[in-house]
Amino acid sequence: MANIYEHIAQNKRRTWLLVLLFPAAFALLTWGAFLLLSTWVGWNPSNESGAGSWLYALPVICWVAAMIWMAISYFTGDKMLLNSADAIPVTRQDQPEIYKLVENLCISRGLPLPHIYIMDDNSLNAFATGRDPEHASVALTKGIVKKLNREELEGVVAHELSHVENRDIRLMLITVAGISFFTFVGEICLRVGMVSRYNRNSKNNGAGIFLILGAICSLYGLVFAPLIRLAISRQREYLADATGAQMTHNPQALADALRKISGDSRVEALDKRASMAAMCIENPLQKQNLFSWMTGLMATHPPIEQRIAALEEMNRGY
């Protein structure tokens with residue numbers, strides 16, 4: 001297993017790779033699809049007045065749009081994700097015990113104090129987000145605050161702060177932003193294309209372009225979802241568990257917390273935010289959800305039994 005510093009360096013390289021890969025791959029995919037379709041339906045790329053002229057403009061348009069989205073997501077994506085999870089910011093006056101717990105752990109690791117959020121859900125889950133330790137946030141469900149004892153909650157918070165320290169949060173932010181961009185654009189284009197097709201002449205090429213682009217975006221989002229698996233290895237969660245246990249000097253507390261979390265980890269607000277699943281300490285999706293099944297295959301989280309076993313093995317060394 002790579003040490004923390006090697007892991008941080010890997011995350012930095014993977015982040016920039018994804019920043020370039022998402023828009024570049026999408027632009028090439030779109031151009032290739034339209035080139036193929038232009039042959040099938042007789043569009044002429046050299047005819048500037050025809051639909052085929054889009055072949056020249058689409059890669060540039062798509063790449064620029066995706067880069068703008070990535071830039072916006074880099075600076076504001078954490079707020080978007082927190083809003084998607086219905087997370088509410090809390091102050092020191094609202095939750096003094098949680099603030100004190102987080103603050104003590106941050107001092108022990110020399111980390112800035114992150115913003116703290118509470119999700120209005122009685123399940124047990126948590127996640128961290130942000131672009132760097134200076135702009136980080138930690139979100140906890142109401143359930144996890146109420147149902148875990150102090151040592152267990154400390155273990156969970158330490159785990160999330162480990163993702164902050166290891167820069168996992170920035171890599172996840174870019175990954176989720178990339179997938180979200182294409183699925184969102186895909187939905188918009190498909191709707192516009194369907195409306196245009198029903199309201200206009202069936203030979204109208206504009207409707208066809210929107211439908212094709214929408215299908216490409218949707219397919220791209222589904223095909224590139226496994227990038228979560230490629231960008232975020234099993235080592236990410238194991239390392240966060242180990243680093244969190246080192247923070248608290250109590251691996252058993254985190255093991256006990258994970259055992260409780262595994263029985264009630266679904267967060268209803270995230271049922272339609274499947275791309276956020278890998279950000280949480282445990283899968284927050286409804287168990288019969290298709291993406292949940294796919295996420296299990298991609299193994300963004302190691303089996304929780306193995307994580308517990310690793311922590312209990314570590315505990316025997318204390």
Side-chain angles (χ1 to χ4, degrees), residues 11-34 54-87 115 127-132 134-137 139 163 167-195 206 209-232 269-270 272-280 291 295 298 300:
N11 276 347
K12 288 180 179 179
R13 290 193 296 269
R14 288 169 178 168
T15 297
W16 289 112
L17 176 63
L18 287 177
V19 167
L20 296 174
L21 178 62
F22 273 119
F26 179 64
L28 290 174
L29 177 64
T30 304
W31 183 82
F34 271 84
W54 280 83
L55 287 171
Y56 297 110
L58 269 175
V60 176
I61 293 172
C62 294
W63 191 86
V64 171
M67 287 300 292
I68 292 173
W69 177 266
M70 299 292 267
I72 293 172
S73 298
Y74 182 80
F75 291 103
T76 65
D78 56 338
K79 299 297 186 295
M80 297 180 198
L81 298 178
L82 290 164
N83 288 336
S84 296
D86 293 337
H115 299 289
F127 70 89
T129 187
R131 62 182 185 270
D132 53 44
E134 288 73 29
H135 302 86
S137 299
H163 285 312
R167 274 63 169 186
D168 292 326
I169 54 173
R170 179 163 58 190
L171 181 62
M172 274 307 309
L173 186 64
I174 294 298
T175 304
V176 173
I179 293 173
S180 299
F181 170 78
F182 300 112
T183 53
F184 173 75
V185 172
E187 290 179 7
I188 295 298
C189 288
L190 286 173
R191 291 179 183 180
V192 172
M194 291 299 294
V195 170
I209 289 173
F210 277 111
L211 288 172
I212 294 167
L213 188 58
I216 293 170
C217 288
S218 301
L219 179 62
Y220 183 84
L222 291 173
V223 170
F224 270 72
L227 276 174
I228 295 178
R229 171 65 185 89
L230 299 177
I232 308 153
L270 299 182
K272 295 182 180 180
R273 301 288 186 273
S275 59
M276 288 181 62
M279 299 182 67
C280 296
F291 193 92
T295 302
M298 291 183 282
T300 57

Rounded to the nearest 0.5 Å, how far apart are [atom1] of [X] and [atom2] of [Y]?
| X | Y | atom1 | atom2 | answer |
| --- | --- | --- | --- | --- |
| Phe127 | Asp168 | CZ | CG | 14.5 Å |
| His115 | His135 | NE2 | NE2 | 7.5 Å |
| Leu173 | Met80 | CG | CE | 9.0 Å |
| Leu81 | Ser137 | CG | OG | 10.0 Å |
| Leu82 | Lys79 | CG | NZ | 7.0 Å |
| Thr129 | Met172 | OG1 | CE | 8.5 Å |

If every non-hydrogen atom of [X] is compared with every non-hydrogen atom of [Y], which pair is closest and at what distance?
| X | Y | result |
| --- | --- | --- |
| Met279 | Ala128 | CE-O, 3.6 Å |
| Ala136 | Ile169 | CB-CD1, 4.0 Å |
| Ala269 | Asp86 | CB-OD2, 3.5 Å |

Take Arg131 and Asp78 through the test side-chain contact (heavy atoms from CB on, under 4.5 Å) and record every step on the way to the result. CA-CA 8 Å; Arg131 62 182 185 270; Asp78 56 338; 5.6 Å; no

